[in-house]
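Notes follow the structure.
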Amino acid sequence: MAVPTPMTTRVLPYGEDTIVQAAALIAAGGIVAVPTETVYGLAADATQALAVTAIYAAKGRPSFNPLIVHVLDLAAARALAAFDDLSLGLAEAFWPGPLTLVLPLARGAAVASLVTAGLTTIAIRVPEHRAMRALLAATGKPLAAPSANASGGISPTRAVHVVASLGGRIPLVIDDGATEAGLESTIVSTDGGLKILRPGPITDEALQHFFPGAGRGPVTPSSATGPRPAQEKRLVTAPGQLESHYAPAKPLRLNATLAEDGEWLIGFGPIAGDETLSSAGDLTEAAARLFDLLHHADANDRPRIAIAPVPHHGLGLAINDRLRRAAHRD
Ligand code: TXA
Ligand code: MG
């Protein structure tokens with residue numbers, strides 16, 4: 001893969017003028033970092049193969065890993081993906097918002113095949129964040145956008161995280177403050193019932209609340225109590241789930257109650273730590289702060305990171321999923 005030529009990365013506050021500049025870059029086949037309600041994304045026109053290549057090159061991402069396509073509304077999604085009753089119901093209940101649907105690619109869908117990495121399915125979502133929506137409206141294109149970090153790194157929840165990871169490799173970051181959810185979208189497939197491929201801000205409980213009758217497989221790799229082989233099988237349908245994602249540069253120890261020598265402890269609830277995800281033990285607050293605190297832990301001079309146990313229910317499933325990946329070493 002070609003190494004991108006170093007460039008100056010501008011950080012501009014969200015606003016009309018910034019969106020005009022960002023849309024011009026995207027129309028010309030460029031890439032722009034833009035906040036969504038989950039994490040910052042690295043967006044390009046999903047219909048331009050070269051633009052999509054530029055995303056992969058800037059991230060250093062293996063090209064078999066498909067990207068999420070963002071569109072303004074359900075009508076735009078239907079031009080790209082084939083919806084069944086279940087996926088339509090989900091879209092109506094949760095869009096715009098942090099839910100990604102993996103659906104069969106619609107016939108003649110105008111997206112570069114690199115976006116889906118040659119799969120016959122497409123991951124698609126309608127985001128809620130004003131900056132991403134303004135960019136979608138200004139470009140009039142579906143936008144492919146993975147998280148705006150170098151491949152394997154921690155997802156960015158602030159513009160400074162994007163610059164730390166991709167500075168010099170992308171021309172523009174639209175800064176609209178910290179993202180609200182702080183975790184990547186929940187990914188589900190509806191093929192043969194509702195299956196959660198990646199836990200996220202839309203919890204299993206929320207999905208069950210809307211679809212109590214929907215048959216679904218084991219919820220998530222991290223919440224499945226069964227043996228490993230069941231996980232490996234699902235990993236094939238969601239290639240990105242296979243990698244050690246969200247990794248800080250330092251080793252990470254989970255379920256820690258006390259810091260050992262040389263460890264920076266991230267607390268939760270009664271375990272205070274050097275910094276805490278949420279002293280009140282609030283999972284929503286913890287999710288929003290998780291990646292920020294991992295960035296802090298990576299940036300200080302202690303050689304290792306430890307993190308307190310996070311309860312395994314509700315949003316805790318998504319948090320523990322990310323932590324398990326962050327602690328994983330190949
Ligand atoms: O919140 C989010 O989802 C953020 C923001 C920017 O929207 N995006 C994001 O994208 O997290 P990314 O590329 O970091 O993660 C996309 C995940 C990967 O694990 C990929 O393997 C999976 O979606 N994926 C994409 N297309 C798929 C498909 N057709 N089938 C199964 N999994 C797919
Ligand atoms: Mg990512």
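Throughout, numbering of the chain's residues begins at 1 and tracks the sequence. Both counts, for ligands and for their atoms, begin at 1 and track the order of listing.
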Residues that Ala145 engages under side-chain contact (heavy atoms from CB on, under 4.5 Å), provided they are two or more places apart: Ala43, His70, Met132

Does [X] reach ligand 1, in the sense of a heavy atom lying below 4.0 Å from it?
| X | value |
| --- | --- |
| Glu37 | no |
| Ile187 | yes |
| Met132 | no |
| Ala145 | yes |

Residues that Gln48 engages under side-chain hydrogen bond (donor to acceptor under 3.5 Å, both in side chains), provided they are two or more places apart: Asp45

Show the atoms of ligand 1 that are less than 4.0 angstrom away from any heavy atom in [X].
| X | value |
| --- | --- |
| Thr121 | 28 (C), 29 (N), 30 (N) |
| Thr38 | 1 (O), 2 (C), 4 (C), 5 (C) |
| Arg125 | 1 (O), 5 (C), 7 (O) |
| Asn65 | 18 (C), 20 (C), 21 (O) |
| Ser147 | 8 (N), 9 (C), 10 (O), 12 (P), 14 (O) |

Derivation and outcome, side chain to side chain donor-acceptor pair (under 3.5 Å), residues Arg198 and Ser185: CA-CA 8 Å; Arg198 178 175 73 184; Ser185 61; 3.3 Å; yes

Does ligand 1 come near enough to [X] that some N or O of the ligand is less than 3.5 Å from an N or O of the residue?
| X | result |
| --- | --- |
| Ser185 | yes |
| Thr36 | no |
| Glu184 | no |

Note, Pro251 side chain near Ile305 side chain (heavy atom, < 4.5 Å): no

Residue pair Leu323 / Leu290, side-chain heavy-atom distance below 4.5 Å: yes

Pro104, Pro66, Ala181: member with heavy atom nearest to atom 24 (N) of ligand 1: Pro66

Do [X] and [Y] have side-chain N/O donor and acceptor atoms under 3.5 Å apart?
| X | Y | result |
| --- | --- | --- |
| Asp292 | His161 | yes |
| Glu184 | Ser155 | yes |
| Asp191 | Ser189 | no |
| Thr276 | Arg289 | no |

Atom CG of Leu50 with >12 non-hydrogen neighbours under 6.0 angstrom: no

Backbone or side-chain N/O/S of Ser147 under 2.8 Å of the Mg ion (ligand 2): yes

Part of Ile68 within contact of ligand 1 (heavy atoms, under 4.0 Å): side chain

